[in-house]
Amino acid sequence: MSNTRIAFIGAGNMAASLIGGLRAKGLDAAQIRASDPGADTRARVSAEHGIDTFADNAEAIQGVDVIVLAVKPQAMKAVCERLRPNLQPHQLVVSIAAGITCASMKKWLGAQPIVRCMPNTPALLRQGVSGLYATAEVSTEQRDQAQELLSAVGIALWLDQEQQLDAVTAVSGSGPAYFFLLIEAMTAAGVKLGLPREVAEQLSEQTALGAAKMAVSSDADAAELRRRVTSPGGTTQAAIESFQAGGFEALVEKALGAAAHRSAEMAEQLGN
């Protein structure tokens with residue numbers, strides 16, 4: 001990325017996170033620019049990261065190598081159609097908009113090389129994970145550029161089939177909310193067991209953080225880690241058996257299936 005010039009179309013939270021991650025990795029501010037219709041947003045991003053900002057998308061993409069589309073899915077069609085006359089064939093388009101397929105973007109942009117990404121909100125803390133899919137027009141160098149871009153805010157995993165992004169959306173895109181729900185439920189249960197709310201909340205949050213760090217840093221998979229902390233006849237076994245008796249695994253499978261189905265539905269709706 002040392003010589004790559006990047007333009008962000010849309011300078012909201014996710015774009016600002018990516019810009020911050022790139023700057024932290026040493027990319028010069030002169031190589032990054034952003035456009036946004038909001039004057040306050042442009043001023044904030046410019047002040048925080050030292051980059052040039054524009055009100056005009058067409059002006060922002062002049063002379064860049066990578067164009068990151070960081071706009072709301074509902075605005076994507078209009079943004080793409082207005083960009084199309086100003087695009088150069090070599091420019092890589094990276095979309096982080098949920099639910100917009102490569103086929104739709106090709107229809108609106110023409111035959112540009114496109115990488116479609118599904119990041120998640122922990123990217124705002126540079127602890128994200130993103131699924132990436134590249135069209136046939138994307139070169140090896142451009143794949144590397146997209147990889148480095150998304151790796152600036154976490155880890156980036158390539159997919160062989162675009163439809164797998166629906167599953168990525170279900171697992172990691174929507175996933176943070178599932179863990180927030182569990183923390184919320186554990187906190188409420190702790191309060192019912194007699195703990196002060198702030199104590200129950202801190203216990204639940206720190207336990208979630210510690211468990212996630214153990215899972216990431218260990219060579220063992222989650223099932224093995226669970227077995228290691230579940231003593232026969234102990235408190236953990238009692239809780240796990242209660243979860244399983246309530247159909248915990250089946251419920252998780254059903255919930256993620258609903259999310260993936262909705263992701264596919266939204267792609268169809270937004271692509272028209």
Side-chain angles (χ1 to χ4, degrees), residues 1-38 40-72 76 79-80 83 86-88 90-98 100 105 112-135 138-159 165 168 172-173 176:
M1 295 285 279
S2 58
N3 297 314
T4 303
R5 296 160 297 175
I6 304 174
F8 287 82
I9 307 302
N13 289 336
M14 190 62 76
S17 175
L18 286 163
I19 293 167
L22 292 169
R23 294 286 289 118
K25 288 202 167 189
L27 199 65
D28 193 276
Q31 295 172 246
I32 308 171
R33 48 177 61 185
S35 63
D36 197 276
D40 289 345
T41 300
R42 294 196 303 271
R44 182 176 66 252
V45 171
S46 180
E48 186 173 349
H49 302 291
I51 67 170
D52 290 333
T53 59
F54 303 83
D56 182 13
N57 294 342
E59 187 178 359
I61 69 169
Q62 295 303 309
V64 304
D65 305 296
V66 179
I67 300 166
V68 182
L69 299 178
V71 300
K72 293 184 183 299
M76 184 66 87
V79 168
C80 288
L83 278 179
N86 303 284
L87 292 170
Q88 298 299 315
H90 72 278
Q91 290 175 313
L92 172 65
V93 175
V94 177
S95 170
I96 61 172
I100 303 295
M105 284 186 281
Q112 294 297 128
I114 295 170
V115 171
R116 181 183 166 196
C117 308
M118 184 65 233
N120 63 0
T121 53
L124 302 175
L125 302 176
R126 297 177 199 166
Q127 294 294 322
V129 59
S130 303
L132 287 72
Y133 173 78
T135 61
V138 177
S139 69
T140 299
E141 180 184 3
Q142 289 173 328
R143 283 176 70 98
D144 290 342
Q145 289 172 336
Q147 174 85 29
E148 287 194 49
L149 170 67
L150 274 299
S151 294
V153 292
I155 64 173
L157 307 173
W158 285 98
L159 304 170
L165 283 169
V168 171
S172 62

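Heavy-atom basis, side chains included; hydrogens, waters and symmetry copies ignored.
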* Residues, nucleotides or ligands: over 12 heavy atoms within 6.0 Å of Lys25 NZ -> yes

* To do: Check Ala123 against Ser17 and note the closest heavy-atom contact, atom names and distance.
  => O-OG, 2.5 Å

* Structure fact -> Distance col, row Ser46:OG vs Asp52:CG, nearest 0.5 angstrom, shows 7.0 Å

* To do: Check step by step if side chain to side chain contact (heavy atoms under 4.5 Å, CB included) holds for Asp36 and Thr53.
  => CA-CA 8 Å; Asp36 197 276; Thr53 59; over 6 Å; no

* Least distance between heavy atoms, Ala60 atom then Ser35 atom -> CB-CB, 3.8 Å

* **Whether Asn120 side chain and Gly128 backbone form a donor-acceptor pair below 3.5 Å** => no

* Sub-4.5 Å side-chain heavy-atom contact between Val168 and Leu157 -> no

* Kindly indicate whether the side chain of Ile96, heavy atoms from C-beta on, has any atom under 4.5 Å from the side chain of Leu18. => yes

* Decide yes or no for Ile51 and Arg33: does some side-chain heavy atom of the first lie under 4.5 Å from some side-chain heavy atom of the second? => no

* Can you check whether Val64 reaches Gln91 side chain to side chain, under 4.5 Å on heavy atoms? -> yes

* **Member of Leu92, Leu150, Val93 meeting the side chain to side chain contact (heavy atoms under 4.5 Å, CB included) criterion with Val115** => Leu92

* Structure fact -> Nearest heavy-atom contact between His49 and Ala16 is NE2-O, 3.5 Å

* Is a side-chain donor or acceptor of Gln142 paired with a backbone partner of Val66 at a separation under 3.5 angstrom? -> no

* First locate atom CD1 of Ile19, then atom CE of Met14, and finally report the distance between them rounded to the nearest 0.5 Å. => 12.5 Å

* **Asn13 atom CG, over 12 foreign heavy atoms within 6.0 Å** => no

* Asked: In Å and rounded to the nearest 0.5 Å, what is the CG to CG distance from Leu22 to Asp28?
  -> 12.0 Å

* Asked: Taking C-beta and beyond as the side chain, do Pro122 and Pro176 meet within less than 4.5 Å on heavy atoms?
  -> yes

* Structure fact -> Scanning both residues in full, the closest heavy-atom pair of Arg23 with Leu27 reads NH1-O, 2.8 Å

* Straight-line distance of Ile6 CD1 to Leu149 CG, nearest 0.5 Å -> 5.5 Å

* To do: Find the distance between CE (Met76) and CG (Leu69) and round it off to the nearest 0.5 Å.
  => 4.5 Å

* Asked: Could you give the distance from CH2 (Trp158) to SG (Cys117), rounded to the nearest 0.5 Å?
  -> 6.5 Å

* Asked: So do the side chains of Gln88 and Ile61 get within less than 4.5 Å of each other, counting heavy atoms only?
  -> no

* **Within-4.5 Å side-chain heavy-atom neighbours: Leu165 and Arg116** => yes

* Structure fact -> Ala11 and Thr41 have their tightest heavy-atom pair at O-CG2, 3.3 Å

* To do: Run the numbers on Gln62 and Asn86 for side chain to side chain contact (heavy atoms under 4.5 Å, CB included), then give the verdict.
  => CA-CA 8 Å; Gln62 295 303 309; Asn86 303 284; 4.1 Å; yes

* Nearest non-hydrogen partners of Ala156 and Gln147, listed with the distance -> O-NE2, 3.3 Å

